[in-house]
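Scroll down for the structure; my scribbles are underneath it.
The sequence lines fix the lettering, A, B, ..., with proteins before strands; numbering per chain opens at 1.
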There are 2 protein chains.
Amino acid sequence: MRTYGQYCSVARALDVVGDRWTLLIVREMLTQGPRRFTDLKTGLPGIAANLLTTRLRELEDVGLVRREEAPPPIATTLYQLTDDGLALESVLKALGLWGLRYMGEERDEDSFHMQWLAIAPEWFSTDTDPSGPPATIEVIATGEHAVIELGGGRIHSRVGRATDPDLVLEGTPRAVLGVLTGVLTLDRAKELGLVANGRLDVLDRIKPVTSTP
Amino acid sequence: MRTYGQYCSVARALDVVGDRWTLLIVREMLTQGPRRFTDLKTGLPGIAANLLTTRLRELEDVGLVRREEAPPPIATTLYQLTDDGLALESVLKALGLWGLRYMGEERDEDSFHMQWLAIAPEWFSTDTDPSGPPATIEVIATGEHAVIELGGGRIHSRVGRATDPDLVLEGTPRAVLGVLTGVLTLDRAKELGLVANGRLDVLDRIKPVTSTP
DNA sequence: CCGGATCCAATTCGATACTG
DNA sequence: CAGTATCGAATTGGATCCGG
(Lines give C-alpha, C1' and ligand atoms only; values in the text may rest on other atoms or scores of the structure.)
Protein backbone atom coordinates (compact mmCIF):
# COMPACT_ATOMS: atom_id res chain seq x y z
CA MET A 1 0.00 0.00 0.00
CA ARG A 2 1.84 3.06 -1.28
CA THR A 3 1.17 6.17 0.79
CA TYR A 4 0.93 9.80 -0.23
CA GLY A 5 2.61 10.78 3.02
CA GLN A 6 0.34 13.73 3.66
CA TYR A 7 -1.35 14.58 6.94
CA CYS A 8 -4.71 15.17 5.21
CA SER A 9 -7.79 13.04 5.62
CA VAL A 10 -8.48 12.89 1.88
CA ALA A 11 -4.96 11.65 1.22
CA ARG A 12 -5.22 9.20 4.13
CA ALA A 13 -8.48 7.84 2.74
CA LEU A 14 -6.89 7.39 -0.67
CA ASP A 15 -3.92 5.68 0.95
CA VAL A 16 -6.37 3.01 2.09
CA VAL A 17 -8.92 2.74 -0.71
CA GLY A 18 -7.29 4.57 -3.59
CA ASP A 19 -5.68 1.59 -5.28
CA ARG A 20 -7.11 0.24 -8.47
CA TRP A 21 -10.14 -2.09 -7.98
CA THR A 22 -10.36 -1.49 -4.23
CA LEU A 23 -13.51 0.64 -4.19
CA LEU A 24 -15.21 -1.64 -6.71
CA ILE A 25 -14.55 -4.63 -4.46
CA VAL A 26 -16.13 -2.65 -1.64
CA ARG A 27 -19.07 -1.83 -3.92
CA GLU A 28 -19.71 -5.52 -4.47
CA MET A 29 -19.81 -6.39 -0.79
CA LEU A 30 -21.72 -3.24 0.11
CA THR A 31 -24.52 -3.82 -2.36
CA GLN A 32 -24.59 -7.61 -2.20
CA GLY A 33 -23.57 -8.56 1.30
CA PRO A 34 -21.06 -11.29 2.18
CA ARG A 35 -19.57 -12.83 -0.96
CA ARG A 36 -17.37 -15.74 -1.90
CA PHE A 37 -14.11 -15.20 -3.78
CA THR A 38 -15.68 -16.47 -6.97
CA ASP A 39 -18.76 -14.28 -6.59
CA LEU A 40 -16.52 -11.24 -6.29
CA LYS A 41 -14.52 -12.30 -9.31
CA THR A 42 -17.72 -12.71 -11.32
CA GLY A 43 -19.00 -9.31 -10.24
CA LEU A 44 -15.72 -7.66 -11.23
CA PRO A 45 -15.15 -8.57 -14.87
CA GLY A 46 -11.54 -8.00 -15.82
CA ILE A 47 -9.90 -8.32 -12.41
CA ALA A 48 -7.04 -10.80 -12.22
CA ALA A 49 -7.43 -13.48 -9.57
CA ASN A 50 -4.11 -12.68 -7.95
CA LEU A 51 -5.00 -9.01 -7.71
CA LEU A 52 -8.31 -9.84 -6.05
CA THR A 53 -6.42 -12.00 -3.57
CA THR A 54 -4.00 -9.19 -2.85
CA ARG A 55 -6.71 -6.55 -2.44
CA LEU A 56 -8.80 -8.73 -0.13
CA ARG A 57 -5.81 -9.36 2.08
CA GLU A 58 -4.99 -5.63 2.17
CA LEU A 59 -8.58 -4.78 3.04
CA GLU A 60 -8.49 -7.38 5.78
CA ASP A 61 -5.22 -6.00 7.13
CA VAL A 62 -6.60 -2.47 7.44
CA GLY A 63 -9.80 -3.75 9.03
CA LEU A 64 -12.33 -3.00 6.30
CA VAL A 65 -13.05 -6.62 5.45
CA ARG A 66 -13.54 -9.65 7.66
CA ARG A 67 -13.26 -13.16 6.32
CA GLU A 68 -15.49 -15.77 7.78
CA GLU A 69 -15.23 -19.50 7.31
CA ALA A 70 -18.78 -20.54 6.58
CA PRO A 71 -19.79 -23.78 8.28
CA PRO A 72 -20.87 -26.86 6.31
CA PRO A 73 -22.74 -27.44 4.09
CA ILE A 74 -21.41 -24.24 2.50
CA ALA A 75 -17.85 -24.86 3.68
CA THR A 76 -16.35 -21.87 1.99
CA THR A 77 -14.92 -18.55 3.08
CA LEU A 78 -17.12 -15.49 2.92
CA TYR A 79 -15.82 -11.94 2.68
CA GLN A 80 -17.82 -9.19 4.34
CA LEU A 81 -17.38 -5.56 5.25
CA THR A 82 -16.68 -4.43 8.79
CA ASP A 83 -18.34 -1.29 10.16
CA ASP A 84 -15.46 0.81 8.85
CA GLY A 85 -15.96 -0.78 5.45
CA LEU A 86 -19.70 -0.19 5.51
CA ALA A 87 -19.01 3.47 6.29
CA LEU A 88 -17.65 3.79 2.74
CA GLU A 89 -21.24 3.84 1.49
CA SER A 90 -21.28 7.65 1.52
CA VAL A 91 -18.11 7.70 -0.59
CA LEU A 92 -19.53 5.27 -3.15
CA LYS A 93 -22.79 7.22 -3.27
CA ALA A 94 -20.98 10.48 -3.91
CA LEU A 95 -18.79 8.89 -6.58
CA GLY A 96 -21.71 7.16 -8.25
CA LEU A 97 -23.84 10.27 -8.24
CA TRP A 98 -21.05 12.27 -9.79
CA GLY A 99 -20.38 9.49 -12.30
CA LEU A 100 -23.95 9.52 -13.59
CA ARG A 101 -22.90 12.28 -15.98
CA TYR A 102 -20.83 9.71 -17.85
CA MET A 103 -23.62 7.14 -18.21
CA GLY A 104 -25.01 8.77 -21.34
CA GLU A 105 -22.83 6.69 -23.62
CA GLU A 106 -23.04 2.92 -23.64
CA ARG A 107 -19.85 1.39 -25.00
CA ASP A 108 -20.05 -1.93 -26.75
CA GLU A 109 -17.26 -3.45 -24.70
CA ASP A 110 -18.91 -2.53 -21.41
CA SER A 111 -19.91 -5.35 -19.13
CA PHE A 112 -23.19 -5.08 -17.29
CA HIS A 113 -24.69 -6.60 -14.18
CA MET A 114 -28.20 -5.90 -13.00
CA GLN A 115 -27.08 -5.12 -9.47
CA TRP A 116 -25.22 -2.07 -10.74
CA LEU A 117 -28.44 -0.71 -12.20
CA ALA A 118 -30.62 -1.81 -9.30
CA ILE A 119 -28.72 0.25 -6.78
CA ALA A 120 -29.15 3.46 -8.80
CA PRO A 121 -32.69 4.48 -7.76
CA GLU A 122 -31.99 3.52 -4.15
CA TRP A 123 -28.87 5.66 -4.02
CA PHE A 124 -29.52 8.44 -6.50
CA SER A 125 -33.28 8.98 -6.51
CA THR A 126 -35.93 9.97 -4.03
CA ASP A 127 -39.66 9.36 -3.66
CA THR A 128 -41.32 12.77 -3.87
CA ASP A 129 -44.57 11.37 -2.45
CA PRO A 130 -43.49 9.79 0.84
CA SER A 131 -47.08 9.42 2.01
CA GLY A 132 -48.14 7.80 -1.24
CA PRO A 133 -49.14 4.13 -1.43
CA PRO A 134 -46.44 1.46 -1.77
CA ALA A 135 -45.58 0.75 -5.39
CA THR A 136 -43.53 -1.90 -7.14
CA ILE A 137 -41.63 -1.55 -10.39
CA GLU A 138 -40.13 -4.49 -12.21
CA VAL A 139 -37.13 -3.71 -14.35
CA ILE A 140 -35.78 -5.87 -17.17
CA ALA A 141 -32.53 -5.23 -19.01
CA THR A 142 -30.33 -7.63 -20.97
CA GLY A 143 -32.54 -10.47 -19.73
CA GLU A 144 -31.93 -9.78 -16.04
CA HIS A 145 -34.63 -8.66 -13.60
CA ALA A 146 -34.77 -6.28 -10.68
CA VAL A 147 -37.44 -4.94 -8.38
CA ILE A 148 -37.79 -1.33 -7.23
CA GLU A 149 -40.08 -0.75 -4.27
CA LEU A 150 -41.40 2.65 -3.20
CA GLY A 151 -43.02 3.24 0.16
CA GLY A 152 -42.75 5.36 3.27
CA GLY A 153 -40.49 7.81 1.50
CA ARG A 154 -37.88 5.15 0.84
CA ILE A 155 -36.78 3.48 -2.37
CA HIS A 156 -35.48 -0.04 -2.05
CA SER A 157 -34.20 -2.20 -4.85
CA ARG A 158 -32.97 -5.73 -5.32
CA VAL A 159 -32.15 -8.15 -8.11
CA GLY A 160 -34.92 -10.62 -8.86
CA ARG A 161 -38.50 -10.84 -10.05
CA ALA A 162 -41.59 -9.12 -8.68
CA THR A 163 -45.02 -10.56 -8.10
CA ASP A 164 -47.76 -8.37 -9.51
CA PRO A 165 -45.75 -5.17 -10.14
CA ASP A 166 -47.50 -1.85 -10.72
CA LEU A 167 -45.20 -1.08 -13.60
CA VAL A 168 -42.82 -3.03 -15.80
CA LEU A 169 -39.91 -1.33 -17.57
CA GLU A 170 -37.85 -3.10 -20.19
CA GLY A 171 -35.06 -1.73 -22.32
CA THR A 172 -31.36 -1.15 -22.57
CA PRO A 173 -29.48 -0.44 -19.34
CA ARG A 174 -29.10 3.16 -20.41
CA ALA A 175 -32.80 3.73 -21.12
CA VAL A 176 -33.90 2.07 -17.89
CA LEU A 177 -31.27 3.87 -15.82
CA GLY A 178 -32.26 7.14 -17.40
CA VAL A 179 -35.89 7.04 -16.30
CA LEU A 180 -35.05 5.65 -12.84
CA THR A 181 -32.63 8.47 -12.12
CA GLY A 182 -34.53 11.21 -13.83
CA VAL A 183 -31.86 12.08 -16.37
CA LEU A 184 -34.10 10.92 -19.23
CA THR A 185 -37.73 11.80 -19.76
CA LEU A 186 -40.05 8.88 -20.42
CA ASP A 187 -40.54 10.08 -23.99
CA ARG A 188 -36.82 10.28 -24.59
CA ALA A 189 -36.32 6.82 -23.11
CA LYS A 190 -39.04 5.41 -25.35
CA GLU A 191 -37.15 6.80 -28.33
CA LEU A 192 -34.22 4.74 -27.07
CA GLY A 193 -36.38 1.64 -27.11
CA LEU A 194 -37.82 1.57 -23.61
CA VAL A 195 -41.08 -0.37 -23.21
CA ALA A 196 -43.24 0.62 -20.24
CA ASN A 197 -46.35 -1.27 -19.18
CA GLY A 198 -48.56 -0.38 -16.23
CA ARG A 199 -49.05 2.64 -14.01
CA LEU A 200 -46.79 5.22 -15.60
CA ASP A 201 -47.72 7.78 -12.95
CA VAL A 202 -45.48 5.97 -10.49
CA LEU A 203 -42.51 7.36 -12.40
CA ASP A 204 -43.59 10.90 -11.53
CA ARG A 205 -42.80 10.16 -7.88
CA ILE A 206 -39.14 9.44 -8.68
CA LYS A 207 -36.81 12.43 -8.78
CA PRO A 208 -33.04 12.71 -8.65
CA VAL A 209 -31.54 13.50 -5.25
CA THR A 210 -30.00 16.94 -5.01
CA SER A 211 -26.32 16.81 -5.63
CA THR A 212 -24.95 18.57 -2.57
CA PRO A 213 -25.33 16.66 0.69
CA MET B 1 -6.74 6.32 -18.85
CA ARG B 2 -7.40 2.65 -18.29
CA THR B 3 -11.10 1.81 -18.05
CA TYR B 4 -12.89 -0.77 -15.97
CA GLY B 5 -15.31 -1.37 -18.83
CA GLN B 6 -18.37 -1.55 -16.63
CA TYR B 7 -21.68 0.18 -17.24
CA CYS B 8 -21.85 1.41 -13.63
CA SER B 9 -21.61 5.01 -12.53
CA VAL B 10 -19.14 4.25 -9.73
CA ALA B 11 -16.84 2.47 -12.17
CA ARG B 12 -17.26 5.28 -14.69
CA ALA B 13 -16.35 7.85 -12.06
CA LEU B 14 -13.25 5.87 -11.15
CA ASP B 15 -12.36 5.59 -14.83
CA VAL B 16 -12.09 9.37 -14.82
CA VAL B 17 -10.72 10.26 -11.37
CA GLY B 18 -9.49 6.92 -10.04
CA ASP B 19 -5.88 7.23 -11.13
CA ARG B 20 -3.20 7.94 -8.59
CA TRP B 21 -2.87 11.66 -7.65
CA THR B 22 -5.90 12.75 -9.67
CA LEU B 23 -8.25 13.46 -6.76
CA LEU B 24 -5.50 15.19 -4.82
CA ILE B 25 -4.87 17.50 -7.76
CA VAL B 26 -8.59 18.27 -7.75
CA ARG B 27 -8.42 18.88 -3.99
CA GLU B 28 -5.77 21.54 -4.52
CA MET B 29 -7.76 23.47 -7.09
CA LEU B 30 -11.03 23.01 -5.23
CA THR B 31 -9.75 24.36 -1.94
CA GLN B 32 -7.37 26.97 -3.33
CA GLY B 33 -8.85 28.17 -6.59
CA PRO B 34 -6.91 28.59 -9.85
CA ARG B 35 -3.30 27.51 -9.44
CA ARG B 36 -0.08 27.60 -11.37
CA PHE B 37 1.83 24.45 -12.23
CA THR B 38 4.40 25.16 -9.57
CA ASP B 39 1.77 25.91 -6.94
CA LEU B 40 0.23 22.52 -7.60
CA LYS B 41 3.58 20.81 -7.43
CA THR B 42 4.31 22.50 -4.10
CA GLY B 43 0.92 21.51 -2.71
CA LEU B 44 1.44 17.90 -3.75
CA PRO B 45 4.72 16.83 -2.15
CA GLY B 46 6.05 13.72 -3.81
CA ILE B 47 4.41 14.03 -7.22
CA ALA B 48 6.77 13.87 -10.18
CA ALA B 49 6.61 16.80 -12.55
CA ASN B 50 5.94 14.63 -15.58
CA LEU B 51 3.08 12.89 -13.82
CA LEU B 52 1.52 16.22 -12.89
CA THR B 53 1.80 17.25 -16.52
CA THR B 54 0.13 14.05 -17.64
CA ARG B 55 -2.69 14.27 -15.11
CA LEU B 56 -3.45 17.90 -15.91
CA ARG B 57 -3.67 17.10 -19.58
CA GLU B 58 -5.99 14.15 -18.88
CA LEU B 59 -8.19 16.29 -16.66
CA GLU B 60 -8.31 18.89 -19.37
CA ASP B 61 -9.20 16.28 -22.00
CA VAL B 62 -12.18 15.01 -19.98
CA GLY B 63 -13.34 18.54 -19.27
CA LEU B 64 -12.71 18.78 -15.54
CA VAL B 65 -9.93 21.33 -15.78
CA ARG B 66 -9.57 24.43 -17.90
CA ARG B 67 -6.23 26.09 -18.49
CA GLU B 68 -6.15 29.80 -18.82
CA GLU B 69 -3.30 31.94 -20.02
CA ALA B 70 -3.13 34.72 -17.49
CA PRO B 71 -2.41 38.12 -19.03
CA PRO B 72 0.64 40.17 -18.09
CA PRO B 73 1.99 40.99 -15.60
CA ILE B 74 1.38 37.39 -14.41
CA ALA B 75 2.04 35.91 -17.84
CA THR B 76 1.63 32.32 -16.78
CA THR B 77 -0.93 29.59 -17.26
CA LEU B 78 -3.48 28.97 -14.54
CA TYR B 79 -5.30 25.70 -14.02
CA GLN B 80 -8.84 25.81 -12.70
CA LEU B 81 -11.76 23.45 -12.30
CA THR B 82 -14.74 23.51 -14.61
CA ASP B 83 -18.27 23.03 -13.24
CA ASP B 84 -17.91 19.26 -13.64
CA GLY B 85 -14.67 19.45 -11.71
CA LEU B 86 -16.18 21.57 -8.96
CA ALA B 87 -18.94 18.98 -8.64
CA LEU B 88 -16.33 16.61 -7.21
CA GLU B 89 -16.54 18.53 -3.94
CA SER B 90 -19.10 16.07 -2.57
CA VAL B 91 -16.77 13.18 -3.40
CA LEU B 92 -13.81 14.81 -1.66
CA LYS B 93 -15.96 15.65 1.36
CA ALA B 94 -17.18 12.09 1.67
CA LEU B 95 -13.65 10.72 1.29
CA GLY B 96 -12.19 13.21 3.74
CA LEU B 97 -14.89 12.60 6.32
CA TRP B 98 -14.34 8.86 6.08
CA GLY B 99 -10.59 9.35 6.23
CA LEU B 100 -10.74 11.26 9.52
CA ARG B 101 -10.61 7.90 11.28
CA TYR B 102 -7.03 7.54 10.13
CA MET B 103 -5.87 10.95 11.36
CA GLY B 104 -5.22 9.70 14.88
CA GLU B 105 -1.64 8.80 14.08
CA GLU B 106 0.84 11.39 12.90
CA ARG B 107 3.70 9.79 11.05
CA ASP B 108 7.06 11.51 11.13
CA GLU B 109 7.48 11.36 7.37
CA ASP B 110 4.12 13.01 6.72
CA SER B 111 4.14 16.34 4.96
CA PHE B 112 1.74 19.00 6.14
CA HIS B 113 0.20 22.13 4.66
CA MET B 114 -2.08 24.41 6.58
CA GLN B 115 -4.71 24.41 3.85
CA TRP B 116 -5.34 20.70 4.45
CA LEU B 117 -6.14 21.46 8.08
CA ALA B 118 -8.04 24.66 7.36
CA ILE B 119 -10.61 22.93 5.18
CA ALA B 120 -11.48 20.41 7.89
CA PRO B 121 -13.90 22.45 10.04
CA GLU B 122 -15.54 23.90 6.92
CA TRP B 123 -16.15 20.47 5.47
CA PHE B 124 -16.48 18.19 8.47
CA SER B 125 -17.92 20.33 11.25
CA THR B 126 -21.05 22.33 11.85
CA ASP B 127 -21.96 25.33 13.97
CA THR B 128 -24.57 24.15 16.45
CA ASP B 129 -25.54 27.73 17.29
CA PRO B 130 -26.44 29.23 13.91
CA SER B 131 -28.02 32.28 15.52
CA GLY B 132 -25.02 32.91 17.74
CA PRO B 133 -22.73 35.88 17.23
CA PRO B 134 -19.92 35.72 14.66
CA ALA B 135 -16.73 34.31 16.10
CA THR B 136 -13.18 34.06 14.85
CA ILE B 137 -10.62 31.42 15.73
CA GLU B 138 -6.98 31.71 14.80
CA VAL B 139 -5.17 28.43 14.35
CA ILE B 140 -1.41 27.95 14.45
CA ALA B 141 0.37 24.71 13.61
CA THR B 142 3.96 24.11 12.48
CA GLY B 143 4.34 27.86 12.21
CA GLU B 144 1.54 28.34 9.70
CA HIS B 145 -1.65 30.28 10.41
CA ALA B 146 -5.30 29.86 9.49
CA VAL B 147 -8.56 31.56 10.36
CA ILE B 148 -11.84 29.83 11.15
CA GLU B 149 -14.92 32.03 11.08
CA LEU B 150 -18.30 31.06 12.51
CA GLY B 151 -21.44 32.96 11.71
CA GLY B 152 -24.94 32.51 10.34
CA GLY B 153 -24.70 28.76 10.75
CA ARG B 154 -21.73 28.53 8.43
CA ILE B 155 -18.11 27.75 9.10
CA HIS B 156 -15.61 29.31 6.76
CA SER B 157 -11.87 28.88 6.87
CA ARG B 158 -8.84 30.21 5.09
CA VAL B 159 -5.09 30.25 5.39
CA GLY B 160 -3.69 33.44 6.91
CA ARG B 161 -3.77 35.56 10.05
CA ALA B 162 -6.73 36.97 11.92
CA THR B 163 -7.17 40.40 13.42
CA ASP B 164 -8.44 40.29 16.98
CA PRO B 165 -9.57 36.63 17.13
CA ASP B 166 -11.89 35.40 19.88
CA LEU B 167 -9.75 32.33 20.39
CA VAL B 168 -6.25 31.24 19.43
CA LEU B 169 -5.34 27.57 19.16
CA GLU B 170 -1.76 26.44 18.77
CA GLY B 171 -0.42 22.91 18.69
CA THR B 172 0.43 19.98 16.50
CA PRO B 173 -1.72 19.41 13.42
CA ARG B 174 -3.28 16.41 15.12
CA ALA B 175 -4.23 18.26 18.31
CA VAL B 176 -5.68 21.23 16.43
CA LEU B 177 -7.53 19.03 13.95
CA GLY B 178 -8.91 16.98 16.80
CA VAL B 179 -10.63 19.86 18.56
CA LEU B 180 -11.84 21.44 15.33
CA THR B 181 -13.53 18.25 14.17
CA GLY B 182 -14.74 17.11 17.56
CA VAL B 183 -12.79 13.84 17.63
CA LEU B 184 -10.69 15.08 20.57
CA THR B 185 -11.96 16.75 23.72
CA LEU B 186 -10.22 19.95 24.69
CA ASP B 187 -8.69 18.22 27.72
CA ARG B 188 -7.35 15.41 25.60
CA ALA B 189 -5.92 17.87 23.08
CA LYS B 190 -4.22 19.79 25.87
CA GLU B 191 -2.56 16.57 26.95
CA LEU B 192 -1.21 16.41 23.41
CA GLY B 193 0.25 19.87 23.82
CA LEU B 194 -2.52 22.14 22.58
CA VAL B 195 -2.44 25.70 23.86
CA ALA B 196 -5.76 27.56 23.81
CA ASN B 197 -6.10 31.25 24.62
CA GLY B 198 -9.37 33.19 24.57
CA ARG B 199 -13.05 32.32 24.61
CA LEU B 200 -13.03 28.57 24.98
CA ASP B 201 -16.84 28.43 24.86
CA VAL B 202 -16.66 29.02 21.11
CA LEU B 203 -15.43 25.45 20.76
CA ASP B 204 -18.68 24.15 22.20
CA ARG B 205 -20.47 25.41 19.10
CA ILE B 206 -18.41 23.15 16.83
CA LYS B 207 -19.67 19.62 16.37
CA PRO B 208 -18.86 16.95 13.78
CA VAL B 209 -21.29 16.66 10.89
CA THR B 210 -23.32 13.47 10.91
CA SER B 211 -21.73 10.90 8.72
CA THR B 212 -24.61 9.94 6.44
CA PRO B 213 -25.66 12.63 3.95
C1' DC C 1 -16.13 -26.03 -9.18
C1' DC C 2 -13.56 -23.19 -5.33
C1' DG C 3 -9.68 -20.45 -3.71
C1' DG C 4 -5.99 -19.35 -4.59
C1' DA C 5 -0.42 -19.43 -6.20
C1' DT C 6 3.00 -18.67 -9.77
C1' DC C 7 5.03 -16.72 -13.75
C1' DC C 8 5.65 -13.29 -17.28
C1' DA C 9 4.54 -9.42 -20.35
C1' DA C 10 2.66 -4.81 -20.48
C1' DT C 11 1.79 -0.66 -18.29
C1' DT C 12 2.41 2.90 -14.98
C1' DC C 13 5.01 5.43 -11.61
C1' DG C 14 8.94 7.90 -9.48
C1' DA C 15 13.42 10.15 -9.43
C1' DT C 16 16.64 12.66 -11.58
C1' DA C 17 18.47 15.42 -15.04
C1' DC C 18 17.84 18.71 -18.46
C1' DT C 19 15.78 22.75 -21.45
C1' DG C 20 13.61 27.14 -23.12
C1' DC D 1 8.83 29.02 -13.87
C1' DA D 2 6.95 25.37 -16.59
C1' DG D 3 7.52 21.84 -18.15
C1' DT D 4 10.43 17.31 -21.21
C1' DA D 5 13.27 13.31 -21.45
C1' DT D 6 14.96 9.26 -19.77
C1' DC D 7 15.22 5.09 -17.37
C1' DG D 8 14.87 1.79 -13.55
C1' DA D 9 11.35 0.21 -10.16
C1' DA D 10 6.88 -1.07 -8.97
C1' DT D 11 2.26 -2.36 -10.14
C1' DT D 12 -1.08 -4.56 -12.96
C1' DG D 13 -3.12 -7.89 -16.31
C1' DG D 14 -3.53 -12.40 -18.29
C1' DA D 15 -2.70 -17.05 -18.47
C1' DT D 16 -1.79 -21.21 -16.42
C1' DC D 17 -1.41 -24.52 -12.84
C1' DC D 18 -2.65 -26.88 -8.49
C1' DG D 19 -4.56 -28.95 -4.08
C1' DG D 20 -9.10 -29.78 -1.85
Side-chain angles (χ1 to χ4, degrees), chain A residues 1-6 11 14-25 28-29 32 34-62 65-80 109-111, chain B residues 1-6 11 14-25 28-29 32 34-62 65-80 109-111:
Chain A
M1 190 174 57
R2 194 180 295 177
T3 175
Y4 288 106
Q6 300 181 358
L14 291 172
D15 280 346
V16 178
V17 297
D19 280 340
R20 192 164 167 75
W21 289 107
T22 300
L23 280 176
L24 293 185
I25 294 170
E28 288 299 302
M29 288 182 281
Q32 312 249 104
R35 298 273 100 183
R36 295 176 301 178
F37 185 92
T38 311
D39 299 332
L40 292 171
K41 184 140 173 35
T42 305
L44 298 163
I47 195 173
N50 58 351
L51 194 52
L52 179 55
T53 300
T54 303
R55 288 287 179 274
L56 285 171
R57 201 178 310 280
E58 289 167 347
L59 286 169
E60 202 187 339
D61 289 345
V62 294
V65 161
R66 191 171 42 232
R67 47 188 295 165
E68 194 141 328
E69 308 293 331
I74 306 178
T76 185
T77 68
L78 290 176
Y79 295 89
Q80 59 187 300
E109 333 82 69
D110 274 354
S111 55
Chain B
M1 190 175 57
R2 194 179 292 177
T3 175
Y4 288 106
Q6 300 182 357
L14 291 172
D15 281 347
V16 178
V17 297
D19 280 341
R20 192 164 166 76
W21 289 107
T22 300
L23 280 176
L24 295 185
I25 295 170
E28 289 299 302
M29 288 182 280
Q32 312 250 100
R35 299 273 100 181
R36 296 176 299 178
F37 185 91
T38 310
D39 299 331
L40 292 171
K41 186 143 171 31
T42 305
L44 296 164
I47 196 172
N50 57 353
L51 193 53
L52 180 55
T53 301
T54 302
R55 289 286 180 274
L56 285 171
R57 201 179 311 280
E58 290 167 347
L59 285 169
E60 201 186 342
D61 289 346
V62 294
V65 161
R66 192 172 40 235
R67 45 188 298 165
E68 194 141 328
E69 308 295 330
I74 307 180
T76 185
T77 69
L78 290 177
Y79 295 89
Q80 58 187 301
E109 332 83 73
D110 274 354
S111 55

- Please assess Arg57(A) against Glu60(A) for the test salt bridge (charged side-chain N to carboxylate O under 4.0 Å, His left out), listing each intermediate value before the final yes or no. CA-CA 5 Å; Arg57(A) 201 178 310 280; Glu60(A) 202 187 339; 5.4 Å; no

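Of all non-hydrogen atoms in Gln6(B) and Gly43(A), the two that sit nearest each other are NE2-O, 4.2 Å. Annotation for Thr22(A) and Val16(A): closest pair CG2-O, 4.2 Å, computed over non-hydrogen atoms.
Annotation: proximity of residues 49-60 of chain B to DNA chain C (heavy atom, distance under 4.0 Å) is found for Asn50(B), Leu51(B), Arg55(B), numbered in ascending order. Contacts between residues 40-48 of chain A and DNA chain C, defined by a heavy-atom separation below 4.0 Å, involve no residue at all.
Taking CZ from Arg55(A) and CG from Leu44(A), the interatomic distance works out to 11.5 Å, rounded to the nearest 0.5 Å. Atom-to-atom distance recorded for Arg20(B):CZ and Leu14(A):CG is 9.0 Å, nearest 0.5 angstrom. Annotation: the span from Trp21(A) atom CH2 to Leu51(A) atom CG amounts to 8.0 Å, rounded to 0.5 Å. The line from OG1 of Thr77(B) to CZ of Arg67(B) is 5.0 Å long, rounded to the nearest 0.5 Å. To the nearest 0.5 Å, atoms CZ (Arg2(B)) and CG (Asp15(B)) are separated by 11.5 Å.
Residues Met29(A) and Leu40(A) meet the side-chain proximity criterion, which asks for heavy atoms closer than 4.5 Å.
Phosphate proximity of dC1(C) to Arg36(A): absent, as no side-chain N or O sits under 4.0 Å from OP1 or OP2. At dG3(D), one or more side-chain N or O atoms of Arg67(B) fall inside 4.0 Å of OP1 or OP2 (strictly under the cut-off). Taking 4.0 angstrom as the limit, Trp21(A) places none of its side-chain polar atoms (N or O) nearer than this to OP1 or OP2 of dT11(D). Between Tyr79(A) and dC2(C) there is no side-chain N or O to OP1 or OP2 distance below 4.0 Å.
Rounded to whole angstrom, the span from the CZ atom of Arg2(A) across to the C1' atom of dA10(D) amounts to 6 Å. Straight-line distance from the OH atom of Tyr4(B) to the C1' atom of dG14(D): 17 Å, rounded to whole Å. In this structure, Glu69(A) atom CD and dC2(C) atom C1' are separated by 13 Å, rounded to whole Å. For Asp19(B) and dG14(C), the CG to P distance is 11 Å, given to the nearest whole Å. Remark: P of dA15(C) and CZ of Arg20(B) are 10 Å apart, rounded to the nearest angstrom. Remark: P of dG3(D) and CZ of Arg35(B) are 15 Å apart, rounded to the nearest angstrom.
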